[in-house]
Number of protein chains: 2
Amino acid sequence: MVLPTSTRTPPEGSTRTRLLDAAVRLVRAKGLNATTVDDLCAAAGVSKGAFFHHFDSKERLAVAVADHWSQTTGAVFASAGYHDKADPLDRVLGYIDLRADLIRGTAAEFSCLAGTMTQEAFESSPAVRDACAASIFGHAATLEADLSAAIAANPPAVTVNAASLARHTQAVLQGAFILAKAADDPAVVLESIEHLRQYVQLLFSPAIHPPVPKAKKRP
Amino acid sequence: MVLPTSTRTPPEGSTRTRLLDAAVRLVRAKGLNATTVDDLCAAAGVSKGAFFHHFDSKERLAVAVADHWSQTTGAVFASAGYHDKADPLDRVLGYIDLRADLIRGTAAEFSCLAGTMTQEAFESSPAVRDACAASIFGHAATLEADLSAAIAANPPAVTVNAASLARHTQAVLQGAFILAKAADDPAVVLESIEHLRQYVQLLFSPAIHPPVPKAKKRP
DNA sequence: GACACCATACCGACTAGTTGGTATTGTATC
DNA sequence: GATACAATACCAACTAGTCGGTATGGTGTC
């Protein structure tokens, strides 16, 4: 491939980007199956020929959208202010507070594209499912270092695994999004985020020294 | 209407019931949009005419399936053994342990029908969304009495609202199901259930007396 | 019991519209 | 003219829902 002269990067509002951005909007609102190729073309102001010029299939677009989602959301969190805090626990709590701050508008605006697509793709399209998994678990992984540091700095009385707790934060958020969609009310998300915050605080609370009895084996 | 003689209740494996049971299976596996009316008829061994004899539309079926789901799962939890425990906290922990016990097989087998349908219906079909909401929040409500009693018996240092905590348990489960679908691995559900259990234990742990600082208002 | 009557359950071919995807053609840039 | 990109027309498969008609069985009357 030759990139000779000046403008070889596609113009910023390129067809491909417009389609991906439209897909994020529509899929978050309607889901993947209910979003047709024609919907996407109309929303992006693009012809069907252009669509299939850039993406071999709707499934390929879905994978690309999941990757696009990973990148754009990754950038938001990477540049967020909570990384600057000195105490690793404050960084974790800062992340949680940021998640709460991002709950604005409708469910379609604050919910997670990857979680939405997972439900529809997990049996019909391994490629899409894997892309969603990469987005969710990749994001969870960005919390691990801070959690590990917090555990090392202030070991909780109960055994806590950083990776597991990082995944749990994502489970809480994904589930809260579902409840918000069902109730048609964003408040339930804030509620669950508050419970998550309280859980993390309790885990690292110095008040806990007489160790809580380990969760008993179930019969 | 006259119901004179003997058999007026439809036969137990009735067409309607077969369709509802088939719908539970297919929708949990493929989602609502990806499940066609023909799929349902084939799975239930029923003709298309019979389908539309019993349900005016696919949407009506979806509502009926959500109600059916509420009833069948409601019966399972209503008859479970954890209600017999004397200590309300033990009943709550017993519920959580039961949820863990029910994680068997594939995601399509243990995940929640209402949560799955919510994602696809919340913008396109208020009727289905409301039926899903009734299922999820109705189930959450069955936990409230035990949580209230536990709070009354052993007030946590941090303020806890029973209804809010009950909803949070459902958020954790719903989110864990999504992560399990993404990872194609039921283990992540058990992980999050364990975190939920630990959160409840910590909340009610007598070790917490120097009150944890109240969650700060976000800027 | 024989009869007419009627309601419910059911069948499966059909339709109108939608879907993802293709074929063809046009155009701008090198 | 070669290459990348894009617009239009088009197709075969599929979809939810319809429709005319059948099967069964119960009810009331004689």
Side-chain angles (χ1 to χ4, degrees), chain A residues 1-23 26-27 29-65 117 120-121 123-125 127-128, chain B residues 1-23 26-27 29-65 117 120-121 123-125 127-128:
Chain A
M1 194 195 310
V2 224
L3 320 180
T5 52
S6 50
T7 40
R8 189 53 252 134
T9 40
E12 69 122 22
S14 70
T15 298
R16 187 188 157 89
T17 306
R18 285 209 310 279
L19 277 168
L20 290 174
D21 288 340
L26 292 181
V27 172
K30 314 187 350 173
L32 183 58
N33 285 327
T35 301
T36 70
V37 174
D38 286 329
D39 285 343
L40 291 167
C41 293
V46 154
S47 70
K48 214 164 177 180
F51 180 100
F52 283 101
H53 175 75
H54 289 282
F55 302 101
D56 289 348
S57 66
K58 189 189 176 187
E59 185 185 15
R60 286 283 182 91
L61 168 98
V63 172
V65 171
M117 285 207 300
E120 291 184 272
E123 269 230 328
S124 62
S125 169
V128 175
Chain B
M1 193 193 310
V2 222
L3 318 181
T5 53
S6 50
T7 39
R8 187 56 253 130
T9 41
E12 69 122 21
S14 70
T15 297
R16 188 188 156 89
T17 307
R18 285 211 308 279
L19 277 168
L20 290 174
D21 288 339
L26 291 182
V27 172
K30 312 183 356 173
L32 183 59
N33 285 328
T35 299
T36 69
V37 174
D38 286 328
D39 286 343
L40 291 167
C41 293
V46 154
S47 72
K48 212 165 181 180
F51 181 100
F52 283 102
H53 175 72
H54 288 282
F55 303 101
D56 289 350
S57 65
K58 190 187 174 187
E59 185 185 16
R60 287 284 181 91
L61 169 97
V63 173
V65 170
M117 284 206 302
E120 291 183 271
E123 270 231 329
S124 63
S125 168
V128 175

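In the text below, chain A, chain B and the rest are named by the order of the sequence lines, each starting its count at 1.
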For this session: For residues A:Leu61 and A:Leu40, report the shortest heavy-atom separation together with the two atoms involved.
Result: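 Looking at all heavy atoms of both residues, the shortest contact is CD2-CD1, 3.4 Å.
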Over all atoms of both residues, closest heavy-atom pair of A:Lys58 and A:Asn33: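 Nearest heavy atoms, A:Lys58 then A:Asn33: NZ-O, 3.7 Å.
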Rounded to the nearest Å, what distance is computed from the [atom1] atom of residue [X] to the [atom2] atom of nucleotide [N]?
X	N	atom1	atom2	result
B:Lys48	C:dC14	NZ	P	13 Å
A:Phe52	D:dC10	CZ	C1'	13 Å
A:Asp39	C:dT18	CG	P	11 Å
B:Lys58	D:dT15	NZ	P	9 Å
A:Leu32	C:dT19	CG	C1'	13 Å
A:Phe51	D:dA7	CZ	P	14 Å
B:Asp38	D:dT18	CG	C1'	13 Å
A:Arg18	D:dC5	CZ	C1'	12 Å

5′-ward residue of the pair A:Ala34/B:Gly45 relative to DNA chain C: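 Per heavy-atom nearest nucleotide, the more 5' residue is B:Gly45.
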Given DNA chain C, 5'-ward residue of the pair A:Asp56 and B:Arg16, judged by closest heavy atom: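 It is B:Arg16 whose nearest nucleotide is closer to the 5' end.
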In terms of side-chain heavy atoms of [X], which of [options] is nearest?
X	options	result
A:Thr36	D:dT8, C:dG12, C:dT19	C:dT19
B:His54	C:dA9, D:dA6, C:dG20	C:dA9
A:Ala50	C:dG21, C:dC10, D:dA7	D:dA7
B:His53	D:dA7, C:dA9, C:dG12	C:dA9

### CG on A:Leu19 to NE2 on A:His54, rounded to 0.5 Å
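Reported to 0.5 Å precision, the distance equals 7.0 Å.
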Subject >> Exam field: side chain B:Glu59 to backbone B:Ser125, donor-acceptor pair closer than 3.5 Å >> reply: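 Looks like no, no N/O pair under 3.5 Å.
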Is it the case that the side chain of A:Arg18 and the backbone of A:Ala44 share a donor-acceptor pair, with hydrogens and angles ignored and the cut-off at 3.5 Å?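 Yes; at least one donor-acceptor contact below 3.5 Å.
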>> At less than 4.0 Å, is any side-chain N or O atom of A:Thr15 found next to OP1 or OP2 of D:dA6? Yes or no.
In response: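 Yes.
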